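Here the structure comes first, spelled out in structure tokens, and everything after it is commentary.
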Amino acid sequence: MQIHPTIAGLRAALAAAPRVAFVPTMGNLHDGHIALMRQAREHADVVVASIFVNRLQFGPNEDFDKYPRTFENDCARLREAGVDHLFAPDEKEMYPTPQRYHVEPDPAHTDILDGAARPGHFRGMATVVLKLLNIVRPQAALFGKKDYQQLMIIRNMVGEFALPIDIVAGETRRADDGLALSSRNGYLSAAERAEAPRLNRQLRRIGERVAAGERDFLRLETEAVAELAAHGWHPDYISIRRRSDLHPPRSGDEALVVLGAARLGATRLIDNLEI
Ligand code: PAF
């Protein structure tokens with residue numbers, strides 16, 4: 001695997017690449033990322049990953065400084081997964097001057113769910129993703145479904161800017177007890193780690209009830225919030241939405257997803273399930 005700290009170096013290396021699939025990450029790679037790398041191989045001859053912890057998408061009180069940086073380990077995992085090129089810029093390379101131009105996603109997509117608790121997060125995310133896509137110029141880019149709202153916003157951005165890139169979704173990878181793999185799981189204490197799968201269990205329960213014909217969504221959501229709160233969680237939301245824009249479903253909307261976000265101790269966990 002070639003490692004490129006600069007845009008020029010990466011572009012030179014990819015100049016003759018016939019078809020490129022790209023997986024952007026912020027590092028601290030887990031099996032979910034590695035599954036995306038392997039999936040990327042099905043879409044292209046050349047697989048490019050990036051590692052860049054993007055300051056723009058962190059709020060002032062969020063974990064930018066604390067975000068785990070495990071570069072050597074990540075490189076070993078990427079090599080093992082057969083990734084061809086890693087773009088690993090430092091902040092000066094990505095933001096040589098403070099970024100003054102930003103992607104401004106539709107507030108109807110950003111000010112809901114995760115965006116409500118993280119103002120500016122999706123603007124910073126979309127800005128760096130557009131920049132990374134311009135740097136790498138892939139034919140396909142892969143994003144995990146675990147960050148469902150992120151995936152929805154990227155699909156809309158790529159569609160509205162007519163970028164010639166296939167956005168491919170990767171299924172969420174889970175531990176045996178159902179906990180969605182996430183770089184932030186490492187923040188959990190042993191007791192919190194044992195409690196953490198409850199979020200996924202609540203989402204699955206909702207999925208089962210909806211599949212069985214239950215249509216009182218508010219009741220299902222309220223029950224799940226109460227159940228989490230009773231076990232020491234601080235839920236932000238448990239919400240059944242339509243998949244296309246993550247707005248509340250209208251009667252007849254069939255393609256639904258239930259999303260949840262809740263704090264366990266100091267760690268905020270998110271998960272979702274298409275239902
Ligand atoms: O999902 C992530 O890790 C990040 O939001 C992304 C897409 C790499 C942009 O920084």
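These numbers come from a predicted model, not from an experiment. Start at 1 and go down the list; that is how both ligands and their atoms are numbered.
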Please tabulate, one line per pair, the protein nitrogen or oxygen atoms found under 3.5 angstrom from a nitrogen or oxygen of ligand 1, with distances to 0.1 Å, or say none if there are no such pairs.
{"from": "ligand 1", "atom 1": "1 (O)", "to": "Q150", "atom 2": "OE1", "distance (Å)": "3.4"}
{"from": "ligand 1", "atom 1": "1 (O)", "to": "Q150", "atom 2": "NE2", "distance (Å)": "2.8"}
{"from": "ligand 1", "atom 1": "5 (O)", "to": "Q57", "atom 2": "NE2", "distance (Å)": "2.9"}
{"from": "ligand 1", "atom 1": "5 (O)", "to": "Q150", "atom 2": "OE1", "distance (Å)": "2.7"}
{"from": "ligand 1", "atom 1": "10 (O)", "to": "Q57", "atom 2": "OE1", "distance (Å)": "2.7"}

Looking only at side chains, do R204 and N200 share a donor and an acceptor under 3.5 Å apart?
yes

Does any non-hydrogen side-chain atom of V257 lie less than 4.5 Å from one of L273?
no

Quick one, N54 with Y67, criterion side-chain hydrogen bond (donor to acceptor under 3.5 Å, both in side chains). Give me CA distance, side-chain angles, the key distance, then yes/no.
CA-CA 10 Å; N54 172 41; Y67 200 83; over 6 Å; no

Are K66 and Y187 in a cation-pi contact, defined as NZ or CZ under 6.0 Å from the six-membered ring centre and within 45° of the axis?
yes

Strictly by modelled atom types, are R241 and S239 linked by a side-chain donor-acceptor pair under 3.5 Å?
yes

Determine, stepwise, if the pair Y148 / E274 fulfils side-chain hydrogen bond (donor to acceptor under 3.5 Å, both in side chains).
CA-CA 10 Å; Y148 208 89; E274 289 174 336; 2.6 Å; yes

